[in-house]
Novice: 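Below: one structure in structure tokens.
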Amino acid sequence: MSPTITTAGELTADDLPGTRPDGGQGAPVYDVTVVGAGVVGAAIARELARYRLRTALLDASDDIGNGTSKANTAILHTGFDAVPGSLEARLVREGQQRLRAYAAETGIPVERVGALLVAWDEEQLAALPALLAKAERNDYHAARLLDAGELRAREPHLGPGALGALEIPDESIICPWTTPLAYATQAVRAGVHLHLNCRVRHIDSGDDVHTLTTTRGTLHTRHLINAAGLHADELDRELGHDDFTVTPRRGQLIVFDKLARGLVGHILLPVPTAAGKGVLVAPTVFGNVLLGPTAEDLDDKTATGSTADAITMLREKGRRILPELLDEEVTAVYAGLRAATGQEDCRIRSRPDRRYIAVGGIRSTGLTASMAIAVHVMELLGDSGLDPGTPSELPPVTMPNLGEAFPRPYQDAGLIAADPAYGTLVCHCERVSAGEIRDALTGTVPPHSPDGLRRRTRAGNGRCQGFYCGAAVRALFEEART
Amino acid sequence: MTRRERTVDVLIVGGGPAGLGAGAELAASGAGRVEILEREQTAGGIPRHCHHGGFGGHTIGGGTTGPAYARGCVAAAVRAGAILRTGVTVTGWAGPLTVDTTAPTGLERITARAIVLATGARERPRSARLVPGSRPPGVYTTGELQQAVHLHRQRIGSRAVVIGNEPVGRAAADTLRVAGLDVVAMVTDQPSSRLAALTRPGDRTPVLGRTTVTALTGRERLTGVAVRHHDGRTTTLRCDTVVFTGDWIPDHELARRGELALDPGTRGPAYDAAHRTTGTGIFAVGNLLHGVESAGFALAEGRAAAAPVLRHLTTGAWPTGRTPLAVDAPLRWIAPNLIGPDGGLPLRGRFTLRTTGRLASPLFVVRQDGRELHRQRLLLPAVPDRAFHLRADWLDRVDPHGGTVRIAVR
Ligand SMILES: Cc1cc2nc3c(=O)[nH]c(=O)nc-3n(C[C@H](O)[C@H](O)[C@H](O)COP(=O)(O)OP(=O)(O)OC[C@H]3O[C@@H](n4cnc5c(N)ncnc54)[C@H](O)[C@@H]3O)c2cc1C
Ligand SMILES: Cc1cc2nc3c(=O)[nH]c(=O)nc-3n(C[C@H](O)[C@H](O)[C@H](O)COP(=O)(O)OP(=O)(O)OC[C@H]3O[C@@H](n4cnc5c(N)ncnc54)[C@H](O)[C@@H]3O)c2cc1C
């Protein structure tokens, strides 16, 4: 089966599923349509791809994972600090296990660096035992308390005054970009249709089909899954529900140069206070160091810009945590918007009578929970009258390794001998080869912008931000398009 | 399959003017196998995409164009017998004088008797300057802009703002005009200087001095640059392209991964007048040491490093415990910044310095452990982004066992 990805023009009969699965006549109808190709929607589409269903995955943007999913802290959480008994707690715990296994199978880089919740004053120190107990209630049993000496031995560059820490050895870092790409690639290879630049504007719900009016024409589906992230509430209202309102909560982050990576071994978490989770310092799988995020409640769902005040605030906090970090060069400043809904837990709600599932309020753990959310949604679908049939094996995928802790093509003599393009470096800061760029441009789900290419290869993602390679990378991108 | 292991006499990392200059001189003086590694497909360094004139000449507008200059440097090195290999990236260290490389022809591990680092400098991009706002396309450094226009003939946009007003900013403005853009303004947080503008007759671009960039706006594409003037007024300059120029940082990755000490001012390896770093057998030349000087200066440094490299190949000697040189604010850096035991003078008998703020006829005072070594007044003002110099003829007064030599300004 050749994969179906459409990116422009009216959706025509060729792009849509053929006759109705029951053999009846009428407009082509998908069995299930997932709106939103973020990490959550892509995970759901991948789960659906196991079955003989006609499935569509739609996104308003020109790429998968182009919303909140591209701009987070990229931590594979254990869920040690979730609200015990909540749906989110379960989904994070299960999702983490599933994603960890999936990453090992597909080559998504994960590093189990562990986290340290660092106490900087007596009050925070006093709060640690309760957090340890909470971790236990969340079925996480590997956490333990460290005294100041042990803490300093683990993190010698920590600023003065740290009194102790709670260690969470299984908190990990993961690649936020290859995860949704792996899901989408596998889904598309298994026959899911991916329609990009396809924003759902309006929904008419009839007795057995939903008619979606999109920016690229009309599409029909029996079952509808709303994984529209920040816009999930708007879609929900299209269907006549008024269950929740998404209030974007901005998180701004600073990425420091790879030369800073040696300063920090663990994810350094603050002890949570009433004011929220606070600012962390964490390594990334790309070998950088992150400082952030902020937590700002806004009303503009497009406000992914950074601000001078936040940068100043982050630098002040960072200076306390890891003073030497501030002397290092900054590679990037970015912001992501969490889909907060005014309620702690996520808002996954099935309306079996309407053949509709809203996957809303996937706030700050959606990357970790994505695969468990997908399984949960699949179960809910079964309850709403869809008989998916028996699952089959998904085609295997192997993702290009973007992780610094694993061998990269530029270091692989055998690979270069077989194909010298892997020895031709284009992006020097990130050591991205022409071979990797070519592979990304001809991949199952290819990028539609240099930015999309950057998320698939790291090209242009480094300290020079294109001073050396920007023009050459763009030339390769343009060449592939013509 | 593994790495091919080889040895050479002198390995030069970086085939820009500095590395090529060092290679030419070393090969000509019989240093043995002198190999220059350049990661780009074409050697020549930054001048390859500087299509304006002004390379190698001693007068404004004199000399030749960047690409011609780059070709000249390459030809001279090759003619002298240096082995120049392009498309070869030095990716790290495997020993004190051993590096790992990646090339389409495979992986190597090369051990040398001496290594010359000549990896150049780059302009800090928008992110490193912590300029807030959105992250739309249309944001460049001069390096990327020049390559896009001159090497790849890419479309840029229609209205541009240039951040910076030093010569490289002017080069960016020229490139933008060649590419058919309107240059709406040049913005600098320094007092606007007409000096740079005067060098280019017919250049009427307004220079907004003492103005800071507060944000970039736009989503799919840049729509403007928000600025604040020194009097507090704010405006947004409408444009679809912005170029961040100047603000140099040496490409010191290899130097740092090789655990060479860095100078806190230049951010390049600390080095003495003989271009010796703190790593035995490792020399450094060019903009890696001081982002940024002219190509001619980088070339001259490369050439000048040949004699000390040869001396090291012969004697194997390497100084330890050299006295550091440091500057007090508002001075930014001084190069060279270590004082060698042999009293050698830096290139042209003078130190190169930079300041963070304008200094009208400054008086420099050089002291060591409270003892004054030298005093010198500059007749011209010292301005940021432009080199000025300090005589080096007081070096024999330095106590080699004393503390840091500090340079203050009055
Ligand atoms: C600062 C920050 C830090 C975070 N850190 C972590 C972390 O460390 N670990 C972790 O697990 N999680 C983290 N998260 C959370 C995680 O990023 C999110 O939970 C996750 O990305 C949500 O994915 P999503 O698919 O629901 O949303 P999105 O990625 O936003 O996807 C929604 C998609 O829907 C599309 N869409 C919207 N409306 C329409 C429409 N009408 N028609 C068609 N398409 C539409 C959008 O284009 C978008 O692509 C963090 C989040 C933030 C902001
Ligand atoms: C936009 C711009 C305009 C300029 N205009 C002028 C002008 O008009 N006149 C003038 O005289 N000067 C000008 N200059 C300055 C001049 O270009 C530099 O001084 C000169 O190029 C410095 O030479 P260099 O050899 O030190 O560094 P570079 O020219 O930067 O060369 C360094 C080389 O090292 C290579 N390299 C780096 N790391 C590795 C590695 N790990 N492995 C292999 N190779 C590596 C790089 O690819 C590069 O080719 C300008 C500079 C810029 C950026």
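Computed from a predicted model, the values in this text were never measured in an experiment. First the proteins, then the strands, lettered A, B, ... as listed; each starts at 1.
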Novice: Apply the test side chain to side chain contact (heavy atoms under 4.5 Å, CB included) to residues B:Thr89 and A:Tyr410: give CA-CA distance (whole Å), side-chain angles for both, the deciding distance (0.1 Å), then the verdict.
Specialist: CA-CA 10 Å; B:Thr89 305; A:Tyr410 81 89; over 6 Å; no

Novice: Can you confirm whether more than 12 heavy atoms, excluding those of B:Arg228, are under 6.0 Å from its CZ atom?
Specialist: no

Novice: Taking atom CZ of B:Arg6 as the centre, does the number of heavy atoms from other residues, nucleotides or ligands within less than 6.0 Å exceed 12?
Specialist: yes

Novice: What residues of residues 309-317 of chain A sit under 4.5 Å from chain B when you count only heavy atoms?
Specialist: A:Ile311, A:Arg315

Novice: Below 4.5 Å from any heavy atom of chain A, which atoms of B:His252 appear? Answer side chain, backbone, both or neither.
Specialist: side chain

Novice: Looking at A:Gly305, A:Gly262, A:Ser306, A:Gly470, which has the largest count of heavy-atom pairs under 4.5 Å with chain B?
Specialist: A:Ser306

Novice: At a heavy-atom distance under 4.5 Å, which candidate from B:Ala103, B:Pro137, B:Gly92 has the highest pair count against chain A?
Specialist: B:Ala103

Novice: At what distance, to the nearest 0.5 angstrom, does CD1 of A:Ile416 lie from OG1 of B:Thr105?
Specialist: 9.0 Å

Novice: Can you tell me which portion of B:Leu151 sits under 4.5 Å from chain A's heavy atoms? Options are side chain, backbone, both or neither.
Specialist: neither

Novice: I'd like to know which of A:Thr307, A:Val330, A:Asp327 tops the heavy-atom pair count under 4.5 Å against chain B.
Specialist: A:Val330

Novice: Select one option (side chain, backbone, both, neither) describing which atoms of B:Ile249 are under 4.5 Å from chain A's heavy atoms.
Specialist: side chain

Novice: Just so I understand: if I count every heavy-atom pair under 4.5 Å between each of A:Ala472, A:Ala434, A:Ala421 and chain B, which residue has the most?
Specialist: A:Ala472

Novice: For chain A, which candidate among B:Gly87, B:Ala148, B:Ser134, B:Ala128 shows the most heavy-atom pairs at distances under 4.5 Å?
Specialist: B:Ala128

Novice: Whether the side chain of B:Gln147 engages the backbone of A:Cys469 through a donor-acceptor N/O pair (distance < 3.5 Å, no angle test) should be reported.
Specialist: no

Novice: With a 4.5 angstrom heavy-atom cut-off, is it the side chain or the backbone of A:Phe256 that approaches chain B, or both, or neither?
Specialist: neither

Novice: What is the minimum heavy-atom distance between A:Cys464 and B:Arg122, and which atoms define it?
Specialist: CB-CD, 3.5 Å

Novice: Under a 4.5 Å heavy-atom cut-off, does chain A meet the side chain of B:Glu123, its backbone, both or neither?
Specialist: both

Novice: Please look at B:Pro104 and chain A and tell me whether the side chain, the backbone, both or neither of the residue comes under 4.5 angstrom of a heavy atom of that chain.
Specialist: both

Novice: Check for a donor-acceptor pair, side chain of B:Arg219 on one end and backbone N or O of A:Thr302 on the other, with a separation under 3.5 Å.
Specialist: yes

Novice: Count the heavy-atom pairs under 4.5 Å between each of A:Ala303, A:Ala475, A:Gly466, A:Ala308 and chain B, then report the option with the highest count.
Specialist: A:Gly466

Novice: Is it true that a side-chain atom of A:Gln465 and a backbone atom of B:Arg126 form a donor plus acceptor pair closer than 3.5 Å?
Specialist: no

Novice: Check each atom of A:Asp419 against the heavy atoms of chain B and say whether the ones under 4.5 Å are side chain, backbone, both or neither.
Specialist: neither

Novice: Taking every heavy-atom pair that is under 4.5 Å apart, which of B:Arg124, B:Gln146, B:Arg4, B:Arg153 has the most such pairs with chain A?
Specialist: B:Arg124

Novice: With salt bridge (Lys or Arg N to Asp or Glu O under 4.0 Å) as the criterion, how do A:Glu478 and B:Arg155 come out once you've worked through the C-alpha distance, each side chain's angles and the decisive distance to 0.1 Å?
Specialist: CA-CA 11 Å; A:Glu478 300 290 347; B:Arg155 277 186 45 100; over 6 Å; no

Novice: For A:Asp299, does the CG atom sit with more than 12 other heavy atoms under 6.0 Å from it, leaving out its own atoms?
Specialist: no

Novice: As an exercise, state the distance from OH of A:Tyr334 to CZ of B:Arg135, rounded to the nearest 0.5 Å.
Specialist: 8.5 Å

Novice: Taking all heavy atoms of A:Gly423 and all of B:Thr102, pick out the closest pair and write down the distance.
Specialist: O-CG2, 3.7 Å

Novice: Tell me which of these, A:Arg474, A:Gln411, A:Arg431, has more heavy-atom pairs under 4.5 Å with chain B than the rest.
Specialist: A:Arg431

Novice: Checking heavy atoms, do the side chain of B:Leu107, its backbone, both or neither come under 4.5 Å from chain A?
Specialist: side chain

Novice: For residues A:His428 and B:Asp251, determine if any side-chain heavy atom of one lies less than 4.5 Å from a side-chain heavy atom of the other.
Specialist: no

Novice: Does the side chain of A:Thr424 come within less than 4.5 Å of B:Gln41's, by heavy atoms?
Specialist: yes

Novice: Could you walk me through whether A:Glu329 and B:Arg256 satisfy the salt bridge (Lys or Arg N to Asp or Glu O under 4.0 Å) test, starting with their C-alpha distance in whole Å, then the side-chain angles of each, then the deciding distance to 0.1 Å, before giving a yes or no?
Specialist: CA-CA 13 Å; A:Glu329 292 291 311; B:Arg256 281 189 67 180; over 6 Å; no

Novice: Would the distance check show the side chain of B:Ser127 and the main-chain N or O of A:Thr331 forming a donor-acceptor pair, the cut-off being under 3.5 Å?
Specialist: yes

